Amino acid sequence: MDAADRIRENILAVRQRIADAAQRSRRHATDIHLIAVTKYVDAATTALVVQAGCLDLGESRPQSLWAKADELAPLPQIRWHQIGHMQRNKLNRTVPYLHLLHAVDSLRLLTAVDTASAAANRILPVLMEVNISGDQSKSGFAPHDVAAALEQAANLKNLKVQGLMGMASLTGGNETARRNFIALRELRDQLTANCPDGVQLDQLSMGMSGDYEVAIEEGATMVRIGSALFDGVGH
Ligand SMILES: *Cc1c(COP(=O)(O)O)cnc(C)c1O
């Protein structure tokens, strides 16, 4: 089987599992968006993902996002998601490409995003990254700092918060992952109760290849899936 067929099959299998997880939790599969994480593969292989019908693509390094977006400019229907840590000095160059920035992880970055978005003449959709695993090596706001960050975001005119993003602990398996995802959903529900004007928390970006079904069962609206799509493709 060639790479195109393999990727098409992998995407179909993932979409089926997304639908099954949605059904188990009495949700609609159409409310869950698959973000194909293409950081492992080159632009040509990324194009196969697009041809297989997956238009939301995620990259963790801004430099890779720029390079791929430029190379794939002939496919203008792609929506680019920056899912990894964003350095402030790369914002000006990155913002014009983005559909959604998933990883606002500090107040300094939040302010810088507003400035870069103003320069790009945009109102940029963003998610606040929350460190739900408590792992010191992970980025993200501590859960108790998110409310203050949302207050600050509400005063910034060139971005709009649409939700929260989190990563489960890499150790502890699905049980730990489920606890982390529940914590993010509960934090969202609690923050929604007195959310500042202009801030929305509808989106929950959580779940990767190893834990996306659990994430969907616990309320994910976006799952960021990489390795499962490239199984057997030889990258
Ligand atoms: C790499 C990455 C993913 C995808 O991980 P897989 O396990 O390959 O599906 C999701 N989210 C972030 C932030 C990542 O860096």
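Values below: every heavy atom of this structure, side chains too, minus hydrogens, waters and symmetry copies. Only a predicted model underlies this, so the values are computations on that prediction, with no experimental measurement involved. We count ligands from 1, going down the list as the structure has it; atoms in each ligand are counted the same way.
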Please confirm whether the backbone N or O of D231 pairs with a side-chain atom of N10, one donor and one acceptor, at under 3.5 Å? yes
Donor + acceptor pair across side chains of D42, T45 (<3.5 Å): yes
Give a yes or no answer on whether the side chain of R224 reaches the backbone of I83 with a donor-acceptor pair at less than 3.5 Å. no
With only distance considered, is M167 within less than 3.5 Å of ligand 1 through an N or O on each side? no
Regarding Q203 and T221, do their side chains bring together a donor and an acceptor under 3.5 Å, going by distance alone? yes
Could you name each residue pair satisfying ring pair (Phe, Tyr, Trp, His ring centres under 6.0 Å) that touches residues 99-158, not counting sequence neighbours? H81-H99, H81-H102
Hey, which atoms in ligand 1 end up nearer than 4.0 Å to a heavy atom of S227? 6 (P), 7 (O), 8 (O), 9 (O)
Report the nearest protein non-hydrogen atom to atom 8 (O) of ligand 1: residue, atom name, distance rounded to 0.1 Å. Y40 OH, 2.4 Å
Of all the non-hydrogen atoms in the protein, which one sits nearest to atom 1 (C) of ligand 1, and at what distance? K39 NZ, 1.4 Å
To which protein heavy atom is atom 11 (N) of ligand 1 closest, and what is the distance rounded to 0.1 Å? R224 NE, 2.9 Å
For atom 9 (O) of ligand 1, which of the options G166, A36, S209 provides the nearest non-hydrogen atom? S209
Among protein heavy atoms, which sits nearest to atom 12 (C) of ligand 1, and what does the distance come to when rounded to 0.1 Å? I83 CD1, 3.5 Å
Which of the ligand 1 atoms, numbered from 1, are nearer than 4.0 Å to a heavy atom of I225: 9 (O)
The remaining residues in the hydrophobic cluster of L127, counting side-chain heavy-atom contacts under 4.5 Å among Ile, Leu, Val, Met, Phe, Trp and Tyr, are I35, L100, M165, M222
